[in-house]
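What follows is a single structure, written as structure tokens, with notes after it.
Letters A, B, ... mirror the listed sequences (proteins, then strands); counts begin at 1. Below, all heavy atoms of this structure are taken into account, side chains as well, without hydrogens, waters or symmetry copies.
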Protein chains: 2
Amino acid sequence: MTSDICYCSSLRAAERRMTRAYDDALAPSGINVAQFSLLRKIQRNEPASLTRIGEIMDLDRSTVGRNIRVLAKLGLTEIATGEDLRESSVMLTEQGRQTIATALPLWQATQEKIETILGGDMAKALQTLPTAF
Amino acid sequence: MTSDICYCSSLRAAERRMTRAYDDALAPSGINVAQFSLLRKIQRNEPASLTRIGEIMDLDRSTVGRNIRVLAKLGLTEIATGEDLRESSVMLTEQGRQTIATALPLWQATQEKIETILGGDMAKALQTLPTAF
DNA sequence: TCATGATGCGGGCATATACCCGTAAATCGG
DNA sequence: CCGATTTACGGGTATATGCCCGCATCATGA
């Protein structure tokens with residue numbers, strides 16, 4: 001029979017641990033790793049609609065909307081109405097850019113730490129995992 | 001420089017996808033993969049305290065408590081007071097055992113599907129990932 | 001141009017998760 | 001045996017996430 005260990009539970013446990021590691025590292029910047037990731041996605045697609053960001057990140061649109069509202073509350077994003085009046089046009093504020101700049105080296109240090117611990121093969125495999133199934 | 005791709009974000013995205021896959025597969029049983037995992041942990045450690053389960057699953061104790069209350073609401077678990085009056089003594093109900101029995105083949109089929117897609121090496125690596133860092 | 005259908009969102013509802021604080025019970029020292 | 005410390009929880013607060021429903025706007029075809 002196949003393994004008794006649930007792949008999904010393993011993945012979920014690993015996700016919790018790694019998220020904690022990154023969140024701890026990013027704490028001085030005032031944002032967590034999910035927010036950091038979202039900010040960077042916005043930066044690379046500015047101005048972007050919620051639906052677009054959701055597609056890129058494989059996140060439910062409503063999740064993106066809520067998460068961005070949290071960032072807006074922190075003063076890191078601005079939400080305007082697009083030409084298409086149905087669309088939200090999301091952009092970073094200056095403070096948002098600043099926060100990314102602050103978080104970047106913290107993130108990078110964590111990346112290196114994780115890369116060292118996991119080893120090159122595992123690290124690479126991890127990066128392709130989301131598209132592997 | 002190290003990779004531009006965030007290991008944590010990759011892991012989180014993979015977790016979302018895989019969780020969706022398992023949740024969809026388990027849907028007929030009425031529980032999701034997190035609940036299935038928790039039920040099985042309870043089963044293997046019955047009767048267990050919340051703290052104990054939290055340690056085993058590397059979950060915050062308060063999270064365990066809330067999640068088990070959801071299971072209790074579904075009639076799948078019973079929560080009694082232990083000898084130590086501070087402790088909760090968590091056990092499965094008959095319906096809880098029944099639900100595990102229903103979910104088991106659904107879970108197993110998904111395990112096999114995932115295993116096939118990922119390949120043996122990757123699958124094995126995934127299982128050890130939570131303890132890898 | 002106007003009815004229809006498609007699209008973009010917000011809000012409601014629910015779960016999973018973490019952290020912190022306060023309370024009650026158990027344990028340990030003196 | 002009693003006060004101090006430790007332990008086990010519950011509840012509050014907050015984020016992240018998904019699904020569904022309803023509303024407003026846009027696009028399309030007759």
For Ala48(A) and Ile53(A), which heavy atoms make the closest approach, and how far apart are they? CB-CG1, 3.7 Å

Taking every heavy atom of Leu92(B) against every heavy atom of Glu46(B), the minimum-distance pair comes out as N-OE2, 2.7 Å

N-O pairing of Asp58(B) and Arg16(A) below 4.0 Å: no

Mind checking the CZ-CE spacing from Phe133(A) to Met122(B)? Nearest 0.5 Å is all I need. 9.0 Å

Could you tell me the boundaries of the chain B footprint on DNA chain D, defined by atoms under 4.0 Å from its heavy atoms? dT7(D) to dG18(D)

Look up atom CG in Leu76(B) and atom CG in Leu39(B), then write down how far apart they are to the nearest 0.5 Å. 5.5 Å

Considering all heavy atoms of both residues, which atom of Gln35(B) and which atom of Gly30(B) are nearest to each other, and what is their separation? OE1-O, 4.4 Å

Distance check, rounded to the nearest 0.5 Å: Phe36(A) atom CZ versus Leu106(A) atom CG? 8.5 Å

Taking the side chain from Thr99(A) and the backbone from Gln95(A), do they hold a donor-acceptor pair closer than 3.5 Å? yes

Interface residues of residues 85-92 of chain A with DNA chain D (non-hydrogen, below 4.0 angstrom): Leu85(A), Arg86(A)

Quick one: side-chain contact (heavy atoms from CB on, under 4.5 Å) partners of Arg86(A), sequence neighbours excluded? Asp84(A)

When rounded to the nearest 0.5 angstrom, what distance separates CG in Leu126(B) from CG in Asp121(B)? 12.0 Å

Give a yes/no on whether any side-chain N or O of Lys73(B) is located under 4.0 angstrom from OP1 or OP2 of dT15(C). yes

Is it the case that the side chains of Tyr7(A) and Glu115(B) hold a donor-acceptor pair, with the cut-off being a distance below 3.5 Å and no angle test? yes

Return yes if some donor-acceptor pair links the side-chain N/O of Asp23(B) with the main-chain N/O of Val33(B) below 3.5 Å, else return no. yes

Looking at DNA chain C, which of residues 46-71 of chain B put a heavy atom within less than 4.0 Å of it? Leu59(B), Asp60(B), Ser62(B), Thr63(B), Arg66(B), Asn67(B), Val70(B)

Glu15(B) with Arg20(B): basic N within carboxylate O range, under 4.0 Å: no

Are there over 12 heavy-atom neighbours, none belonging to Glu55(B), within less than 6.0 Å of that residue's CD? yes

Which parts of residues 9-45 of chain B get close to DNA chain D, meaning a heavy atom less than 4.0 angstrom away? Arg12(B), Arg16(B), Arg20(B)

Taking five pairs at each end, how big is the angle between the two axes of the helix from dT1(C)-dA30(D) to dG30(C)-dC1(D), to 10°? 10°

Between Thr77(B) (side chain) and Ala72(B) (backbone), is there a donor-acceptor pair under 3.5 Å? yes

